[in-house]
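As structure tokens, the structure follows; a few thoughts come after it.
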Amino acid sequence: MNTNKTILSICNRCRDGKEDDLKSRGGQRLLDNFLNKIKNNKILNLKVRSVACMSQCKRPCVISLTSENNFTYVFGDIIPDNREFTIELFDLIRRYSNSPNGFLRRGERPQLFRSNTVSYTHLTLPTKA
């Protein structure tokens, strides 16, 4: 089990093509939808960050999951108003947090997060002397 704090970053600047109709960017709606759901669900050891840009404009809406000395994942093509993404995002966070190093094979990820992986990497930070 990963004992480090998991950080979920959500790009609030992503556009999904519905900005004129809904008067807000897709990334901001995704962030708002997730924060509204998390209010009543306590996900321990999770920090949610709003990020001004994650430079994945061709794959909006974008999130990342990371934790110190664990794998980092970036996911794109998330539909902000599709509640299934929010439900599966909770599951993804749970699976990631329960993994010893944050690594999740494609088949271990929730269905909606299997084919929209933009990147993943593992960076081990040096320990403090």
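All values below come from the heavy atoms of this structure, side chains included, with hydrogens, waters and symmetry mates left out.
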Residues Ser97 and Thr6: closest non-hydrogen pair is OG-OG1, 3.1 Å
Sequence neighbours excluded, which residues qualify as side-chain contact (heavy atoms from CB on, under 4.5 Å) partners of Ser50? Asn12, Leu31
To the closest 0.5 Å, what do you measure between [atom1] ([X]) and [atom2] ([Y])?
X: Thr66; Y: Lys5; atom1: OG1; atom2: NZ; value: 13.5 Å
X: Asn101; Y: His122; atom1: CG; atom2: NE2; value: 5.5 Å
X: Asp16; Y: Asn82; atom1: CG; atom2: CG; value: 11.5 Å
X: Glu108; Y: Arg105; atom1: CD; atom2: CZ; value: 6.0 Å
X: Ile63; Y: Cys14; atom1: CD1; atom2: SG; value: 10.5 Å
X: Asn36; Y: Arg29; atom1: CG; atom2: CZ; value: 13.0 Å

Please list all pairs passing the salt bridge (charged side-chain N to carboxylate O under 4.0 Å, His left out) test where one or both residues lie in [range], with sequence neighbours left out.
range: residues 109-121; result: none
range: residues 6-15; result: none
range: residues 46-59; result: Arg59-Asp77

Please determine which of Tyr73, Tyr96, Phe75 meets the ring pair (Phe, Tyr, Trp, His ring centres under 6.0 Å) test together with Phe113. Phe75
Residues clustered with Val118, ILVMFWY side-chain links under 4.5 angstrom: Val51, Met54, Val62, Val74
Identify every side-chain donor-acceptor pair in residues 83-93 under 3.5 Å, counting partners at least two apart or on other chains, and give the distances.
{"from": "Glu88", "atom 1": "OE1", "to": "Gln111", "atom 2": "N", "distance (Å)": "3.2"}
{"from": "Glu88", "atom 1": "OE1", "to": "Leu112", "atom 2": "N", "distance (Å)": "2.6"}
{"from": "Asp91", "atom 1": "OD1", "to": "Arg94", "atom 2": "NE", "distance (Å)": "3.4"}
{"from": "Asp91", "atom 1": "OD1", "to": "Arg94", "atom 2": "NH2", "distance (Å)": "2.5"}
{"from": "Asp91", "atom 1": "OD1", "to": "Arg95", "atom 2": "NE", "distance (Å)": "3.2"}
{"from": "Asp91", "atom 1": "OD2", "to": "Arg95", "atom 2": "NE", "distance (Å)": "3.1"}
{"from": "Asp91", "atom 1": "OD2", "to": "Arg95", "atom 2": "NH2", "distance (Å)": "3.0"}

Any chance you could lay out the side chain to side chain contact (heavy atoms under 4.5 Å, CB included) test for Lys18 and Ser24, step after step, and finish with the verdict? CA-CA 8 Å; Lys18 297 181 181 179; Ser24 66; over 6 Å; no
